Amino acid sequence: MRIQGISGSRGVAVGNVYRYIQEEIVIPDYTVAEDQVEAEIGKFAAAMASTLKQLDTIRQKALKEMGPEEAAIFEAHMQIAQDPSLSDGIKSLVESSHTNVVAATAQTIETFANIFLGMEDPYMRERGADIKDIGDRLMRNMLGMNPRGLSHISGEVILVAHDLAPSDTASLDKNVVKGIVTAAGGPTSHAAIMARTLEIPAVMGVGDIEGFVDGEKAVVLGTDGIVETNPSDADWAEYTNQATAYQEELKRLRESANLEAKTTDGHHVELFGNIGKSKDAKHALTMGAQGIGLYRTEFLYMENDELPAEDVQFEEYKKVAEDMQGQPVIIRTMDIGGDKELKCLDLPTEMNPFLGYRAIRISLNRPDIFKVQLRALLRASAFGDIHIMYPMIASVEEVKQANAMLEECKAELTAEGKEFNKDIKVGIMIEVPAAAVISPILAKYVDFFSIGTNDLCQYTLAVDRMNESIGALYQPLHPGVLRLIKHVIDASHEQGKFTGMCGELASDPVATMILLGLGLDEFSMTASSIPLIKKILRSVSKAECEDVANKALSMDTAEEITDYAKSVLAEKGLL
């Protein structure tokens, strides 16, 4: 039987089905007597101690086997678990309404998780799953249940689950779990991100796992988003050979990670990494990054009870600049908004926060916050090649206002005798269709563009890519999206500027030749994606890519374009 899902992690894997179904948590239905409130709260304290110990064990395992970027996820889990607003919320429910501690935890976790699940940014939305994972672990510890985990699995299996929590994926042994299939999720789900990091082929969003039987043979075709169960003996032998070839290819990719990203006809391509924290920069370097194309600074604001001070930000930005040893570091100013509830900033509740008070709009409205960040960025520029990038720009007026504040900060630092790069490069995210359309005008006011394809696709196609019922309509290779990308690249080149891309499309091997053919100067992506994209770039000529791009632009549908791009890569043995 062949099942169509969504590609989560490329490659081919074979194995026997192992259905991972967790024992369901049953919330107790009792109230707490007045004289038992203190003892009930004591259950929370004991469960929290166990939870933190378990999370630290997972963190250490992730650090050893997957690297600092993944280990940081569980450091964040430990911080969230110890957040006073979480524990205070749980204790308050027990004290005020005599709710039992498990029910109080369930209610509080649901409230916290829904804050993230309502956010626009797919990456931040997935953090709602992190919070639910923490709550799940807390409640299991309170109830004396076994914690989630996959360390008990043996053999060579295709792991099939409704979904996988971060702590599930952290306990994966890639020597045992050869492929992953989930009923829910998509390419930005935590399970997909971790599968790519571990280089385990994965298919997400198959919709239903009831038809899978423990022990039956299964094949995961991660690149195509297909799962095949009970294949014929001949097909099984062929897929087994393909799986072996895929593992051999991964080994070659790792060995060539630090080669230059240069096409066969000598065209150099900038290949950068996306990071969320300063500590991620070194990992990006080890995977072959030649710079940082996107440093998301919003975590500095989301992790603190107070707005991060100038010196705190300065030290973070300085660390990245120094670690990158003179390589470019593009730092995006705070991309926060009405869809993110921050302890350090009181933001209004909005009917449609995705189109509301967020990103550059907040920065321009709150110069007291924005200038602190700009000063920190300028000061850090004395220690490396830092570029500043403004998010969600939709007009020339916004660029002018932001640059005016930047000039004010430069004047202040000069008066204070503080060093900074007076010629620091300034760019903008192209993620609003209006910005793409007026890119020839915007190019006059900035040094570079970086295309955020996640939002650009969603806004252009009017499709929420996290909505599974319309997920098929989210098409990054839609002819309309490709034409906007080409328009932006051409606009920058006509004025001697450069265009990069930091959205998911930059790490999609199917899109690589098309994007290079359109003239994209810089690709930025999650560190684990760099070796494969580098291999493709080193295996083709710029002239070939231009032919592929022109052919793609002549096609009518995203499906035609995708199939054509895949066929070209397949002919070259690159897919």
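All values derive from a computational prediction rather than experimental measurement. Position 1 is the first residue of the sequence, and the numbers go up from there.
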In terms of side-chain geometry, is the basic nitrogen of Asp136 or Lys132 positioned less than 4.0 Å from the acidic oxygen of its partner? no
Is it true that the side chains of Tyr246 and Glu199 contain a donor and an acceptor less than 3.5 Å apart? no
Residues in salt bridge (Lys or Arg N to Asp or Glu O under 4.0 Å) contact with Lys318, at least two apart in sequence or another chain: none
Inter-residue atom distance Leu477.CG - Thr453.OG1, 0.5 Å rounding: 10.0 Å
Is it true that Glu316 and Lys319 make a salt bridge, defined as a side-chain N closer than 4.0 Å to a carboxylate O? no
Between Asp335 and Arg358, does any side-chain N to carboxylate O distance fall below 4.0 Å? yes
Do the charged groups of Asp280 and Lys277 touch, with an N to O distance under 4.0 Å? no
Below 4.0 angstrom, N of the basic side chain to O of the carboxylate: do Lys53 and Asp56 qualify? no
Minimum heavy-atom distance between His162 and Ile209, given as atom pair plus value: N-CD1, 3.6 Å
Which atoms form the tightest heavy-atom contact between Ala161 and Tyr20, and what is the distance? CB-O, 3.8 Å
Residues Glu249, Arg10: salt bridge by 4.0 Å N-O rule: yes
Leu143 versus Pro28, closest heavy-atom pair with distance: CD2-CG, 3.9 Å
